[in-house]
Chemist: 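Before we start, here is the structure in question, set down as structure tokens.
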Number of protein chains: 2
Amino acid sequence: MAQPKKAASIWDVARLAGVSHQTVSRVVNGSPRVAAATRDKVLEAIAELGYRPNRLARSLAGGAAESVTVLTADTSLYGPEAALRGIEKAARALDWSVQISVLDPADTHSDADIIARLPRAGEPTIIMAHDEPGMRAKQVLLDQQPHAMVAIGPYTAEELAASPWLVGMDDGKAAAEATRYLLDLGHATVHHLAIPTSTGTFGGGKAHRAEGWARVLREAGRPVPEPVPSGWTIAEAFKAVQPLVADPEVTAILCGNDHLALATMRAAHLAGRSVPGDLSIVGFDNTPFSAYTTPALTTVNQDFESVGRGAFELLRHRVDGSIPRPVPGWPEPELIVRETSGPPSS
Amino acid sequence: MAQPKKAASIWDVARLAGVSHQTVSRVVNGSPRVAAATRDKVLEAIAELGYRPNRLARSLAGGAAESVTVLTADTSLYGPEAALRGIEKAARALDWSVQISVLDPADTHSDADIIARLPRAGEPTIIMAHDEPGMRAKQVLLDQQPHAMVAIGPYTAEELAASPWLVGMDDGKAAAEATRYLLDLGHATVHHLAIPTSTGTFGGGKAHRAEGWARVLREAGRPVPEPVPSGWTIAEAFKAVQPLVADPEVTAILCGNDHLALATMRAAHLAGRSVPGDLSIVGFDNTPFSAYTTPALTTVNQDFESVGRGAFELLRHRVDGSIPRPVPGWPEPELIVRETSGPPSS
DNA sequence: ATCAGATAGGTGAACGTTCACACCGGGCGG
DNA sequence: CCGCCCGGTGTGAACGTTCACCTATCTGAT
């Protein structure tokens with residue numbers, strides 16, 4: 001009974017119902033030109049055999065693509081994870097299936113390796129291009145099948161306008177806003193603990209959060225300290241931020257994301273510096289936990305899920321030109337002031 | 001050039017190389033019975049046409065399955081997310097592809113809906129069965145294709161032994177250990193803020209963490225307070241835990257996961273109760289952030305990634321009996337004592 | 001009566017691959 | 001020198017769908 005007996009096909013149903021395979025196909029796909037009596041017979045046969053349509057065959061036979069592959073490097077980051085959720089929801093609603101393939105952050109994947117991850121040539125693909133492997137995958141896909149790929153990443157409004165295959169939020173503006181907020185609070189300057197992308201070491205990877213931050217400092221005529229580079233993990237951030245929290249001159253740190261901010265809070269605590277009394281800390285992304293740390297984290301909210309949804313819609317448009325190009329619509333990143341920021345103590 | 005011109009097939013390569021389609025297939029699949037000269041001709045043709053094999057067709061033609069679908073309800077939970085990562089890594093290593101389908105936590109999915117998510121009948125499937133939608137999906141798949149599914153969930157050693165399609169960690173034991181630890185510290189009793197599964201309201205959902213906790217209290221002859229049910233989100237937990245932190249009699253709380261623990265820490269702080277002075281808090285899962293909260297969270301480490309890997313291996317075994325049944329091997333859940341736990345203040 | 005047009009349904013090819021098997025030539029043991 | 005085996009290759013069917021096109025039957029207006 002638990003034996004893997006072969007699954008019923010459309011032909012089995014057809015035979016049992018006494019109709020042609022095509023008629024079964026029509027019933028399954030809800031075609032209107034089927035007599036009610038016939039439809040019932042077919043449905044009955046379907047139920048009896050436990051027939052379920054085979055999606056692979058369906059796609060093969062030239063039906064719609066109905067499948068996206070998501071290439072990402074790190075699913076444990078809040079941004080990509082939320083974007084993936086957005087993609088999945090949007091895809092689900094249209095009955096598309098979602099494949100996921102995780103790029104190894106350590107490995108430099110060959111072009112062939114990246115291509116081999118796609119189930120077929122021309123597979124619609126969304127790439128999380130926020131780090132090195134993602135950037136590389138983006139480049140490869142852009143060469144191979146520019147019309148069937150979309151990349152999500154941190155880009156400025158100009159870049160987004162210039163590249164029709166790009167989706168992202170201009171978080172430089174939000175970084176600027178956060179920096180200005182800290183300056184207005186009375187801080188002499190603001191330091192920056194940067195996520196890897198923002199160090200600008202990747203091909204094509206610009207440092208938007210860092211740029212927005214630096215711009216405001218320059219405009220305000222403040223010293224622009226060297227950004228402190230951190231890895232993506234909390235442990236790396238904890239290590240990287242040590243010199244910053246040890247320096248009493250440092251009174252405000254803008255962190256590249258909330259994980260880095262958490263590490264900074266921890267480091268500050270261990271260094272005996274009170275937050276926000278001695279040190280103001282601002283995060284980025286509004287990760288779910290950030291409202292519940294003690295003190296609660298001041299951060300920048302970003303709606304990654306909407307970005308994911310937008311990427312999916314854009315992809316559909318690019319794969320099938322007949323679908324109207326979506327207007328990218330989601331809330332701007334927005335500063336959320338909570339408890340880790342305040343005026344300097346002096 | 002960016003026109004989506006049709007992709008090259010095995011036939012195109014065959015024609016260009018002047019061989020049969022079967023020979024191309026052999027080259028692509030690395031069959032040894034191809035003359036070196038022929039192989040080179042074919043490889044050249046492949047390069048020239050930019051041919052990439054079509055996985056859909058490959059599976060259709062009766063080749064190996066080489067594809068898993070993961071059904072999960074909440075990718076933002078650390079456990080499922082880490083397990084998914086483990087599955088993906090293991091699958092990747094064998095060149096399998098991974099599909100993901102997210103069940104709506106709010107919606108009660110019909111059987112048909114759940115089945116419709118699978119790309120084909122008999123699709124190998126892994127279900128994250130830690131919540132209601134997951135439990136339901138598990139049941140449906142168990143009816144439909146018991147030999148091509150595996151469920152991951154919180155189960156006792158006995159259940160795991162009894163159900164050959166189950167993978168999980170016996171976290172009841174770890175919960176017991178944590179409870180005993182708190183008792184040994186001198187607490188009169190330990191309260192429990194429970195994750196949804198542990199409330200036992202789901203069909204088949206047992207309350208292992210809660211059971212382990214209750215058992216130790218009973219064995220020690222301590223009062224067993226009513227577990228406080230919480231939702232999965234931090235916000236829900238924050239609300240649910242209010243009465244607990246408000247009660248000065250409560251000196252120790254075992255939380256169902258680290259998110260709930262974070263909410264409890266926050267609530268305690270706002271209620272003016274110091275941690276661990278007035279209140280000891282123990283979490284569950286060792287979520288990455290938990291080592292960096294202030295104070296750092298005492299919690300139970302669980303290697304979900306290994307569980308994911310184990311689920312994948314078990315699935316392979318079940319789908320293809322010729323593969324040896326893997327011995328589930330991963331580290332036992334283990335208590336990690338950090339800073340949120342200590343002796344009661346009295 | 002007849003014929004256009006709809007309605008219901010069928011037929012065969014195509015999608016890109018693998019599998020089972022048949023074929024051909026040459027080296028080797030008898 | 002015959003037959004056998006084996007390396008190397010081709011042939012045709014199968015996988016489960018959809019698509020394009022064709023054929024009946026029934027309706028109602030001419």
Side-chain angles (χ1 to χ4, degrees), chain A residues 4-43 45-46 49-67 95 97 116 118-123, chain B residues 4-43 45-46 49-67 95 97 116 118-123:
Chain A
K5 60 180 158 213
K6 261 177 61 56
S9 83
I10 207 171
W11 288 97
D12 301 322
V13 176
R15 197 173 321 117
L16 183 61
V19 298
S20 79
H21 66 118
Q22 184 56 264
T23 301
V24 177
S25 175
R26 280 191 264 259
V27 170
V28 169
N29 294 297
S31 156
R33 357 215 90 190
V34 175
T38 313
R39 180 190 316 277
D40 288 349
K41 263 194 310 185
V42 170
L43 289 176
I46 287 180
L49 294 174
Y51 165 76
R52 330 184 215 163
N54 182 325
R55 253 197 157 132
L56 280 68
R58 192 171 278 185
S59 306
L60 223 211
E66 310 224 320
S67 140
D95 209 38
S97 68
L118 303 185
R120 59 177 172 182
E123 167 81 2
Chain B
K5 59 181 156 213
K6 258 176 66 52
S9 85
I10 208 171
W11 287 97
D12 301 319
V13 176
R15 199 175 318 116
L16 184 60
V19 298
S20 79
H21 67 118
Q22 184 55 266
T23 300
V24 176
S25 175
R26 278 191 265 257
V27 170
V28 169
N29 294 298
S31 157
R33 1 214 90 192
V34 176
T38 315
R39 181 191 313 279
D40 289 349
K41 264 193 309 186
V42 170
L43 288 177
I46 287 180
L49 295 173
Y51 165 76
R52 330 186 215 166
N54 183 326
R55 248 191 163 137
L56 280 68
R58 192 173 278 187
S59 307
L60 221 211
E66 308 226 318
S67 140
D95 209 41
S97 69
L118 303 184
R120 58 179 174 180
E123 167 81 359

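Quick note on labels: first sequence line is chain A, next is B, and so on, each numbered from 1.
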Chemist: Identify, with sequence neighbours excluded, every residue that meets salt bridge (Lys or Arg N to Asp or Glu O under 4.0 Å) alongside A/R120.
Modeler: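 Only A/E123 meet the salt bridge (Lys or Arg N to Asp or Glu O under 4.0 Å) criterion with A/R120.
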Chemist: In chain order, what residues pass the side-chain hydrogen bond (donor to acceptor under 3.5 Å, both in side chains) check against B/S59, with sequence neighbours excluded?
Modeler: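 For B/S59 there are no side-chain hydrogen bond (donor to acceptor under 3.5 Å, both in side chains) partners, ignoring immediate neighbours.
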Chemist: What integer distance in Å separates B/K41:NZ from D/dG8:P?
Modeler: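 Rounded to the whole Å, the gap is 14 Å.
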Chemist: Would you call A/R33 and A/T23 a side-chain contact if the rule is heavy atoms closer than 4.5 Å?
Modeler: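 With C-beta onward as the side chain, the pair stays apart.
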Chemist: Does D/dT9 have its OP1 or OP2 closer than 4.0 Å to a side-chain nitrogen or oxygen of B/T38?
Modeler: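 Checking D/dT9 against B/T38, a side-chain N or O does come within under 4.0 Å of OP1 or OP2.
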Chemist: Scan nucleotides 14-16 of chain D against the protein and return all N/O pairs shorter than 3.5 Å with their distances rounded to 0.1 Å.
Modeler:
unit_1	atom_1	unit_2	atom_2	d
D/dC15	O2	B/L60	O	3.4
D/dC15	O2	B/A61	N	3.3
D/dG16	OP1	A/K6	NZ	3.2

Chemist: Using the salt bridge (Lys or Arg N to Asp or Glu O under 4.0 Å) rule, collect all pairs that involve residues 10-23 of chain B, keeping only residues at least two apart or in two chains.
Modeler: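 Salt bridge (Lys or Arg N to Asp or Glu O under 4.0 Å) check on residues 10-23 of chain B returns B/D12-B/R15.
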Chemist: Which residue pairs pass the ring-ring contact (aromatic ring centres under 6.0 Å, His included) test when at least one of the two sits in residues 8-27 of chain B, sequence neighbours left out?
Modeler: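 Matches after skipping sequence neighbours: B/W11-B/H21.
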Chemist: Could you go through residues 34-42 of chain B and list every donor-acceptor pair under 3.5 Å that involves a side-chain atom there, pairing it with any protein atom two or more places apart or in another chain?
Modeler:
unit_1	atom_1	unit_2	atom_2	d
B/R39	NH2	B/V34	O	3.4

Chemist: Please report, rounded to the nearest Å, how far the C1' atom of C/dA8 is from the CZ atom of A/R39.
Modeler: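 Going from A/R39 (CZ) to C/dA8 (C1'), I get 11 Å.
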Chemist: Which residues satisfy the side-chain hydrogen bond (donor to acceptor under 3.5 Å, both in side chains) test with B/S31, sequence neighbours excluded?
Modeler: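 Expected list: none.
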Chemist: Please identify each residue that fulfils side-chain contact (heavy atoms from CB on, under 4.5 Å) with B/R52, with sequence neighbours left out.
Modeler: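 Applying side-chain contact (heavy atoms from CB on, under 4.5 Å) to B/R52 gives A/I115, A/L118, A/A121, A/Q144, A/Q145.
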Chemist: Over the length of the helix from C/dA1-D/dT30 to C/dG30-D/dC1, how much do the five-pair end axes diverge, rounded to 10 degrees?
Modeler: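 Comparing the first five pairs with the last five, the axes sit 60° apart.
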Chemist: Rounded at 0.5 Å granularity, tell me how far CD1 in B/I10 sits from CG in B/L49.
Modeler: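 Separation between the atoms: 12.0 Å.
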Chemist: If I take atom CZ in residue B/R33 and atom C1' in nucleotide C/dG25, what distance separates them, rounded to the nearest angstrom?
Modeler: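 That distance rounds to 15 Å.
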Chemist: For DNA chain C, determine which residues of residues 18-28 of chain B have any heavy atom closer than 4.0 angstrom to one of its atoms, and list them numerically.
Modeler: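 The stretch gives B/H21, B/Q22, B/S25 as the residues lying under 4.0 Å from the strand, ordered by number.
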Chemist: Quick one: list whatever passes side-chain contact (heavy atoms from CB on, under 4.5 Å) with A/R58, sequence neighbours left out.
Modeler: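 Once residues adjacent in sequence are excluded, the partners of A/R58 under the side-chain contact (heavy atoms from CB on, under 4.5 Å) criterion are A/V28, A/N29, A/P53.
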